[in-house]
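To start, the structure under review is shown below, and the notes come after it.
No experiment lies behind these values; they were computed from the predicted model shown.
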Amino acid sequence: MNPFDALTRLCPPPLAPRPVTWSPVEHALGTRLPNDYKQLIETYGGGIFDETIWVLEPDCVDEDYDLVAQTRECADVLAELWSTGEPKPAELHPAGARAIPWAYVEGSGHFLYWLALPGRSASEWTVLLNEGRGPEWEHHHVSCTEFLAGLMTGEVQSSYLPDFYAEDHVFEPYADVWPTESS
C-alpha cells in the first residue's frame, strides 16, 4: 500500500476540501511541490492531525497556516538564527539547499520542513523536523505523507513526537477548527 493510501485508511479525510490552483503557489515559492503534498491538500485541505500536526495549506485565510506566508517567515527566522550563531543543520549546507515548511506541531514551536536539495525533484524531498525552540534537527528519509502515516503506525519515530502513535486518528480541517464568516 502506498503511503497516501495508508494515511487515508488510518485517518479518513473530510468530505470536501477546497480546490487549489497550484501554479501560482509554486511560482510564489519558486519551486514545484511534491505530488504527495498536493494530493494531501486536495484530499484533506489544511488542518490538524490528531490535535498535534497542523498541515499548512496554500491561500489559507490565516497567514499562520498559509504555506507561502510561513515559507517566507520561516526563511527569515532561520536566516536570522543562523547569522547569529545557531548551527545550521548539515543537510542544509549544500549551496542552494532549502528548508520549506509544510507543517508545524501544535504548542511546541516544532516545524516540519521539506529538505529541498538542488538537482533533486520535489518527489525526492525528505522531511526535516526542527525542534523550534532550540537548534536541534531530525532528518527523516521519507516524504511528508510517509512521515504522517509512519507516525500513525509507529514506523516513523521522532524524539519530538513520542506520543503520536494511537489506535484512532482524527483530522480536523482548518475551517472546522477556526471557522470564518464565509465557512
#### Entry: Spatial distance of atom CZ (Phe171) from atom CG (Leu40) [nearest 0.5 Å]
7.0 Å
#### Entry: Value rounded to 0.5 Å, distance of CG in Leu67 from CD1 in Ile41
7.5 Å
### Message
Tell me the closest heavy-atom pair linking Pro12 and Arg9, and the distance in Å.
### Response
CD-O, 4.4 Å
### Task
Can you run down the salt bridge (Lys or Arg N to Asp or Glu O under 4.0 Å) pairs that involve residues 26-38, sequence neighbours left out, and say none if there aren't any?
Glu26-Arg32, Glu26-Lys38
### Message
Surrounding NE2 of His93 (heavy atoms of other residues, nucleotides or ligands, distance under 6.0 Å), is the total greater than 12?
### Response
yes
### Query
When rounded to the nearest 0.5 angstrom, what is the spacing between CG in Leu78 and NZ in Lys88?
9.0 Å
#### Entry: Stepwise side-chain contact (heavy atoms from CB on, under 4.5 Å) test for Asn130 and His110
CA-CA 5 Å; Asn130 174 245; His110 309 333; over 6 Å; no
### Message
With heavy-atom distances below 4.5 Å as the criterion, would you say the side chains of Arg98 and Thr71 are in contact?
### Response
yes
### Message
Any heavy-atom pair between the side chains of Phe49 and Leu7 that's under 4.5 Å?
### Response
yes
### Query
About how many Å separate CG of Leu117 and CD of Glu124, when rounded to the nearest 0.5 Å?
9.0 Å
### Query
Taking all atoms of both residues into account, what is the closest heavy-atom pair of Pro94 and Glu91, and its distance?
CD-O, 3.4 Å
### Message
Going by side-chain hydrogen bond (donor to acceptor under 3.5 Å, both in side chains), name the residues that satisfy it together with Thr52, two or more places apart in sequence or in a different chain.
### Response
none
### Task
Hey, could you give me the OG1/OH distance between Thr8 and Tyr44, rounded to the nearest 0.5 Å?
5.5 Å
#### Entry: Stepwise side-chain contact (heavy atoms from CB on, under 4.5 Å) test for Tyr113 and Leu92
CA-CA 11 Å; Tyr113 294 90; Leu92 292 170; over 6 Å; no
### Verdict with reasoning, Cys60 to Tyr174, per side-chain contact (heavy atoms from CB on, under 4.5 Å)
CA-CA 9 Å; Cys60 184; Tyr174 174 85; 3.8 Å; yes
### Query
Minimum heavy-atom separation for Glu138 to Ser159, with atom names?
OE2-N, 2.7 Å
### Message
Can a donor-acceptor pair be found, under 3.5 Å and without considering hydrogens, that links the side chain of Glu131 to the backbone of Glu136?
### Response
yes
### Message
Which heavy atom of Ala6 sits nearest to which heavy atom of Ala149, and what is that distance?
### Response
CB-CB, 4.4 Å
### same_hphob_cluster(Val170, Phe147) at 4.5 Å side-chain heavy-atom cutoff
no
### Summary
Of all heavy-atom pairs linking Val55 and Tyr37, the shortest is CG1-CE1, 4.2 Å
### Message
Does atom CD (Glu63) have a neighbourhood of more than 12 heavy atoms from anything else shown, all under 6.0 Å?
### Response
no
### Query
Is any side-chain heavy atom of Pro58 closer than 4.5 Å to a side-chain heavy atom of Trp22?
yes
### Message
So Glu51 and Glu172, do their side chains get closer than 4.5 Å, heavy atoms only?
### Response
yes
#### Entry: Euclidean distance, Phe111 CZ relative to Trp54 CH2, rounded to 0.5 Å
12.5 Å
### Task
Start with the C-alpha distance between Thr31 and Trp114, add both sets of side-chain angles, then the distance that settles side-chain contact (heavy atoms from CB on, under 4.5 Å), and finish with yes or no.
CA-CA 12 Å; Thr31 188; Trp114 287 295; over 6 Å; no
### Side-chain heavy-atom pair Val156, Val127 within 4.5 angstrom cut-off
no
### Flag side-chain contact, heavy atom, 4.5 Å: Trp102 against Trp125
no
### Query
Quick one: does Met152's side chain get under 4.5 Å of Cys11's, heavy atoms only?
yes
### Task
Mind checking side-chain hydrogen bond (donor to acceptor under 3.5 Å, both in side chains) for Asp5 and listing every partner two or more places apart, or none if nothing turns up?
Asn2
### Summary
Which of Glu146, His141, His140 passes side-chain hydrogen bond (donor to acceptor under 3.5 Å, both in side chains) with Ser143? Answer is Glu146
### Task
Could you tell me whether the side chain of Arg72 reaches within less than 4.5 Å of the side chain of Val68, counting heavy atoms only?
yes
